[in-house]
Amino acid sequence: QVQLVESGGGVVHPGGSLTLSCAATGFTFSTSLMRWYRQAPGKERELVAGISNTGTSTNYVDSVKGRFTISRDNSKNTVYLQMNSLKPEDTAVYYCYALVEWTFSQYTHYWGQGTQVTVSS
């Protein structure tokens, strides 16, 4: 019954902001690695941002550094992606990802359904 449900996508003008949310159920969220990916039309899916289980370590693709912030609230089983200064090239479907360890060295990957972000004038 693992589920990752994204929300918060939409259409914004260049320079605008959006915050995406991913609500997680069915696993121990506080011990799982969480990531945001995106896929633009005609392009490969790329890793946008990742965050460690405690939230103390984060990483970003170079193109979004300084503009996007990944965070998590383990009390709410939710990971966020705050996106500022949005550019047309940020237009993509954004996917939430979880790496879940069920037993020692036994991992399972889960994906959300995706949410569309469109940056356009």
Side-chain angles (χ1 to χ4, degrees):
Q1 198 187 8
V2 171
Q3 285 190 307
L4 300 173
V5 181
E6 301 99 330
S7 61
V11 180
V12 296
H13 292 160
S17 298
L18 284 174
T19 299
L20 306 182
S21 299
C22 174
T25 57
F27 64 94
T28 305
F29 179 82
S30 61
T31 62
S32 298
L33 172 69
M34 302 299 297
R35 291 170 172 167
W36 287 97
Y37 287 79
R38 68 185 180 187
Q39 188 165 22
K43 294 186 177 180
E44 297 278 325
R45 186 172 298 187
E46 68 171 344
L47 173 64
V48 178
I51 188 166
S52 62
N53 58 349
T54 62
T56 58
S57 180
T58 59
N59 64 283
Y60 302 89
V61 66
D62 286 345
S63 61
V64 309
K65 287 180 179 177
R67 300 189 297 120
F68 290 12
T69 302
I70 188 171
S71 62
R72 67 193 296 162
D73 186 341
N74 286 348
S75 71
K76 298 180 179 179
N77 289 356
T78 302
V79 64
Y80 305 93
L81 186 66
Q82 181 183 357
M83 304 184 294
N84 298 323
S85 301
L86 283 161
K87 304 175 180 179
E89 52 263 43
D90 295 318
T91 296
V93 177
Y94 285 71
Y95 297 91
C96 184
Y97 165 97
L99 180 63
V100 179
E101 184 178 15
W102 296 103
T103 61
F104 180 67
S105 297
Q106 182 65 50
Y107 294 88
T108 304
H109 306 261
Y110 296 97
W111 294 88
Q113 82 287 350
T115 185
Q116 177 70 47
V117 172
T118 301
V119 185
S120 176
S121 299

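To the nearest 0.5 Å, the span separating OG on Ser63 from NZ on Lys87 amounts to 8.0 Å. The CG atom of Asn77 lies 9.0 Å from the CZ atom of Arg72; values are rounded to the nearest 0.5 Å. For the atom pair CD1 (Ile51) and CZ (Arg35), the distance works out to 12.5 Å, reported to the nearest 0.5 Å. To the nearest 0.5 angstrom, Leu4 atom CG is 9.0 Å from Phe29 atom CZ. Taking CG from Leu81 and CE from Met34, the interatomic distance works out to 11.5 Å, rounded to the nearest 0.5 Å. Taking NZ from Lys43 and OG1 from Thr91, the interatomic distance works out to 9.5 Å, rounded to the nearest 0.5 Å.
Evaluation of the side-chain hydrogen bond (donor to acceptor under 3.5 Å, both in side chains) rule for Thr108 yields Trp102 as partners, not counting sequence neighbours. For Tyr60, the ring pair (Phe, Tyr, Trp, His ring centres under 6.0 Å) test picks out no residue, with sequence neighbours left out. Partners of Thr54 by side-chain hydrogen bond (donor to acceptor under 3.5 Å, both in side chains), not counting sequence neighbours, listed by chain and number: Thr56. Annotation: salt bridge (charged side-chain N to carboxylate O under 4.0 Å, His left out) contacts of Glu46 (sequence neighbours excluded): Arg38. Here Arg45 pairs with nothing under the salt bridge (charged side-chain N to carboxylate O under 4.0 Å, His left out) rule; sequence neighbours left out. Listed by chain and number, the residues in a side-chain hydrogen bond (donor to acceptor under 3.5 Å, both in side chains) with Asp73 are Ser75 (sequence neighbours excluded). Residues that satisfy the salt bridge (charged side-chain N to carboxylate O under 4.0 Å, His left out) test with Lys65, not counting sequence neighbours, are Asp62.
Residue pairs meeting the ring pair (Phe, Tyr, Trp, His ring centres under 6.0 Å) criterion with at least one member in residues 64-84: none, sequence neighbours excluded. Applying the salt bridge (charged side-chain N to carboxylate O under 4.0 Å, His left out) definition to pairs two or more places apart or across chains, none involves residues 110-121.
Tyr95 belongs to a hydrophobic cluster whose other members, connected by ILVMFWY side-chain contacts under 4.5 Å either directly or through intermediates, are Leu33, Tyr37, Leu47, Val93, Tyr97, Leu99, Tyr107, Trp111.
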Using residues 10-23 as the side-chain source, report each donor-acceptor pair under 3.5 Å to any protein atom, sequence neighbours left out, with the distance given to one decimal.
residue, atom, partner, partner atom, Å
Ser17, OG, Asn84, OD1, 3.0

Can I get a per-line list of side-chain donor-acceptor pairs under 3.5 Å for residues 113-121, giving both atom names and the distance, sequence neighbours left out?
residue, atom, partner, partner atom, Å
Gln113, NE2, Glu6, O, 3.2
Gln113, NE2, Glu6, OE1, 3.2
Thr115, OG1, Gly9, N, 3.3
Gln116, NE2, Ala92, O, 3.4
Gln116, NE2, Thr118, OG1, 3.3

Would you check, one step at a time, whether the test side-chain contact (heavy atoms from CB on, under 4.5 Å) holds for Val64 with Met83?
-> CA-CA 9 Å; Val64 309; Met83 304 184 294; over 6 Å; no
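Taking every heavy atom of both residues into account, Asn53 and Ser30 meet most closely at CB-O, 3.3 Å.
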